[in-house]
Amino acid sequence: MATLGIFRSTRAFRPRQSFQKCQIGFIELRRNLSSYLVTPNELAEALKKSPPSPISTEPRVIPLCAAWFLPNDERKGIEVFREKRIPKARFFDLDKVIDKRSPYPHMLPSPKTFAEAMSSLGIRKEDTVVVYDSKELGIFSAPRVGWTLRVFGHPRVHLLNNFKIWVDEGHPTESGELYSVECNPYPIPKPDEVKVASFEEVREVAQDSNKEGAEGVQIIDARPNGRFTGKDPEPREGLSSGHMPGSINIPFTAVLDSKTKAFLPKEQLQKLFKEKGVDPSKPIISTCGTGVTAVVIDTALEVAGYGTPETRRVYDGSWTEWAQRVSTSDSLIRKDE
């Protein structure tokens, strides 16, 4: 922003008026994106007001593509990003911004690794980030990336609901190779550990399941029912399927519209969780295979008004860690007959 000089004429008030308009515009922008879930129309309007210009010093709205596919899927996130994306979007690689020292996939990165990734993407702390998925899947991995940004304290994070609808409604897209962005130093954050459940915490909950005097923490498993019951194998070779004692199975696809792949409305989500026996007054831990689709459930809980940011957590290691660390003699892997 240019430095304001000292003027004797009435023109001296114009820079202030301009600044006030800028402030009002930014306030309107924040108000328009007040909900965590953002519709395509809302994002399109926000991008018109505050595009991700590399030369602007004002807070910008930056679309962040988090497209990711399972290892056994031939499609790759970076490929679909090149094929079709929101104009000026950046790409967050879920396979790279992780804890590379961990034997488990997609574990949260260190604060330094996260800051380096945000810097390389040209994202500033004051920017509004709207994370979105591939049009093929609608909602899948973007909630995980949005949750990661929240864990590391990025102030303004939203989730597009969703890119499939964005494309279907005819909003602008672009294609081609990645373009260079100006890197901006991103401060190394302090993670919000309240949002993350550790293996030790989840094991204690599972061991106390159905015991008198237990705190009543609920575990929701987002994996498909066949893997939850133990009838179907896990996609990772050598990993036992099954479930944790006392856990509730709600496949992540159950919280999404079957046609649009967007989140169901609040009332339908509330009905679903009630039918599954989820108590909104008790703490909830979401889990899945590797900690990706668990956040789809966590987001649906937020939309439904179940729990608070302090009482909802995500088990980062999820089933991949669980099945490798629990002992078979502990009876902590259950299979339905």
Side-chain angles (χ1 to χ4, degrees), residues 66-81 92-110 113 133-134 136-145 147-148 196-203 205-207 209 219-256 261 285-298 313-337:
W68 180 79
F69 297 90
L70 290 170
N72 58 355
D73 195 315
E74 294 181 355
R75 296 169 295 185
K76 303 297 179 185
I78 187 63
E79 293 174 358
V80 300
F81 176 76
F92 189 101
D93 195 332
L94 193 57
D95 283 327
K96 293 183 178 179
V97 190
I98 56 174
D99 181 358
K100 296 181 179 179
R101 299 170 300 175
S102 173
Y104 313 114
H106 305 130
M107 297 292 278
L108 283 167
S110 68
T113 298
D133 247 300
S134 67
E136 291 82 359
L137 299 181
I139 294 291
F140 185 60
S141 52
R144 169 70 190 201
V145 173
W147 177 77
T148 299
V196 188
S198 67
F199 168 77
E200 290 76 16
E201 292 171 318
V202 178
R203 181 177 58 185
V205 172
Q207 289 174 332
S209 175
I219 298 176
I220 300 180
D221 192 322
R223 291 175 301 148
N225 183 258
R227 290 162 59 188
F228 180 86
T229 61
K231 295 177 181 178
D232 295 337
E234 288 293 312
R236 288 166 178 78
E237 187 177 352
L239 202 66
S240 172
S241 58
H243 59 270
M244 304 169 194
S247 56
I248 302 170
N249 184 217
I250 305 179
F252 80 94
T253 53
V255 303
L256 305 177
K261 308 301 181 183
I285 295 174
S286 298
T287 182
C288 60
T290 64
V292 176
T293 57
V295 192
V296 177
I297 295 296
D298 184 71
R313 289 181 290 167
V314 172
Y315 176 22
D316 198 17
S318 283
W319 190 257
T320 301
E321 179 183 33
W322 182 264
Q324 293 183 64
R325 293 189 64 178
V326 298
S327 172
T328 54
S329 61
D330 292 337
S331 299
L332 292 178
I333 294 181
R334 302 283 177 85
K335 295 176 183 284
D336 294 349
E337 296 295 333

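Quantities reported herein were computed from a predicted structural model and do not represent experimental measurements. Both backbone and side-chain heavy atoms feed into the values below; hydrogens, waters and symmetry mates do not.
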Q: Under 4.0 Å between a Lys/Arg side-chain N and an Asp/Glu carboxylate O for Asp95 and Lys100?
A: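 The answer is no: the pair does not qualify as a salt bridge.
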
Q: Applying the side-chain contact (heavy atoms from CB on, under 4.5 Å) criterion to Lys96, which one of Asp93, Ile98, Leu94 satisfies it?
A: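 Per the side-chain contact (heavy atoms from CB on, under 4.5 Å) rule, the option paired with Lys96 is Asp93, out of Asp93, Ile98, Leu94.
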
Q: Closest approach of Pro71 and Arg236, non-hydrogen atoms and distance?
A: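 Residues Pro71 and Arg236, closest heavy atoms: CG-NH2, 4.2 Å.
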
Q: Return yes when atom NZ of Lys231 has more than 12 non-hydrogen atoms of other residues, nucleotides or ligands closer than 6.0 Å, and no otherwise.
A: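 Result for NZ/Lys231: open.
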
Q: Would you say the side chains of Ser318 and Thr287 form a donor-acceptor pair under 3.5 Å?
A: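 A pair is found: one side chain offers a donor N or O, the other an acceptor, under 3.5 Å apart.
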
Q: At their closest point, which heavy atom of Ala197 faces which heavy atom of Val202, and how far apart are they?
A: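 Taking every non-hydrogen atom into account, CB-CG2, 4.1 Å.
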
Q: Measure up the His106 and Trp68 rings against each other and bin them: parallel (under 30°), tilted (30 to 60°), perpendicular (over 60°).
A: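 Perpendicular, since the angle between the ring planes exceeds 60°.
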
Q: Under the side-chain contact (heavy atoms from CB on, under 4.5 Å) rule, what do Val326 and Ile333 come out as? Steps first, then yes or no, please.
A: CA-CA 8 Å; Val326 298; Ile333 294 181; 3.7 Å; yes

Q: On a heavy-atom basis, which atom in Ala294 and which in Val314 lie closest, and how many Å separate them?
A: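 For Ala294 and Val314, the tightest heavy-atom pair comes out as CB-CG1, 4.1 Å.
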
Q: Got Phe228 and Pro251 here, is their nearest side-chain heavy-atom distance under 4.5 Å?
A: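 Heavy-atom side-chain distance check fails, nothing below 4.5 Å.
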
Q: Is there a side-chain contact between Leu70 and Pro235 in this structure, where contact means two heavy atoms from C-beta onward sitting under 4.5 Å apart?
A: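 Side-chain contact under 4.5 Å: no.
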
Q: Between Phe140 and Phe69, does the ring centroid distance fall short of 6.0 Å?
A: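 Between Phe140 and Phe69, the centre distance exceeds or equals 6.0 Å.
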
Q: Quick one: does Glu201's side chain get under 4.5 Å of Arg313's, heavy atoms only?
A: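 They are in side-chain contact.
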
Q: For residues Thr320 and Pro105, report the shortest heavy-atom separation together with the two atoms involved.
A: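 Where Thr320 meets Pro105 most closely, the heavy atoms are CG2-CD, 3.8 Å.
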
Q: Can you give me the closest heavy-atom contact between Ala67 and Val80, atom names plus distance?
A: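 Shortest heavy-atom contact: CB-CG2, 3.7 Å.
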
Q: Are the side chains of Trp322 and Arg203 in touch, meaning some heavy atoms are under 4.5 Å apart?
A: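 Trp322 vs Arg203: side chains touch.
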
Q: Please evaluate residues Lys261 and Leu137 with respect to the criterion side-chain contact (heavy atoms from CB on, under 4.5 Å), reporting the C-alpha separation (whole Å), side-chain torsions for both, the decisive distance (0.1 Å), and the verdict.
A: CA-CA 7 Å; Lys261 308 301 181 183; Leu137 299 181; over 6 Å; no

Q: Test the Arg223-Trp319 pair against the cation-pi criterion, namely NZ or CZ under 6.0 angstrom from the six-membered ring centroid and within 45° of the ring axis.
A: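 Cation-pi check for Arg223 and Trp319: passes.
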
Q: Nearest 0.5 Å, what's the CG-OG1 distance between Leu108 and Thr113?
A: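 These two atoms lie 11.0 Å from each other.
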
Q: When rounded to the nearest 0.5 angstrom, what distance separates CD in Glu74 from CG in Asn72?
A: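 Glu74 atom CD to Asn72 atom CG measures 10.0 Å (nearest 0.5 Å).
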
Q: Run Asp316 and Tyr104 through side-chain contact (heavy atoms from CB on, under 4.5 Å) and show every step you take.
A: CA-CA 9 Å; Asp316 198 17; Tyr104 313 114; over 6 Å; no

Q: Establish, from distance only, whether the side-chain atoms of Asp99 and Ser110 form a donor-acceptor pair under 3.5 Å.
A: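 Short answer, no.
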
Q: Hey, what do you get for CD1 (Ile297) to OG (Ser286), rounding to the nearest 0.5 Å?
A: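 Answer rounded to 0.5 Å: 6.5 Å.
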
Q: Just wondering, do Leu332 and Pro245 contact through their side chains at under 4.5 Å, heavy atoms?
A: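 In short, these two side chains touch, coming nearer than 4.5 Å.
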
Q: Shortest non-hydrogen contact from Ser247 to Met244?
A: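 Reported closest heavy-atom pair: OG-O, 2.7 Å.
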
Q: Would Asn249 and His243 satisfy side-chain contact (heavy atoms from CB on, under 4.5 Å), going step by step from the backbone distance to the final call?
A: CA-CA 9 Å; Asn249 184 217; His243 59 270; over 6 Å; no

Q: A side-chain contact here means heavy atoms from C-beta on lying under 4.5 Å apart; do Ser240 and Lys335 qualify?
A: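 Yes, at least one pair of side-chain atoms sits under 4.5 Å.
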
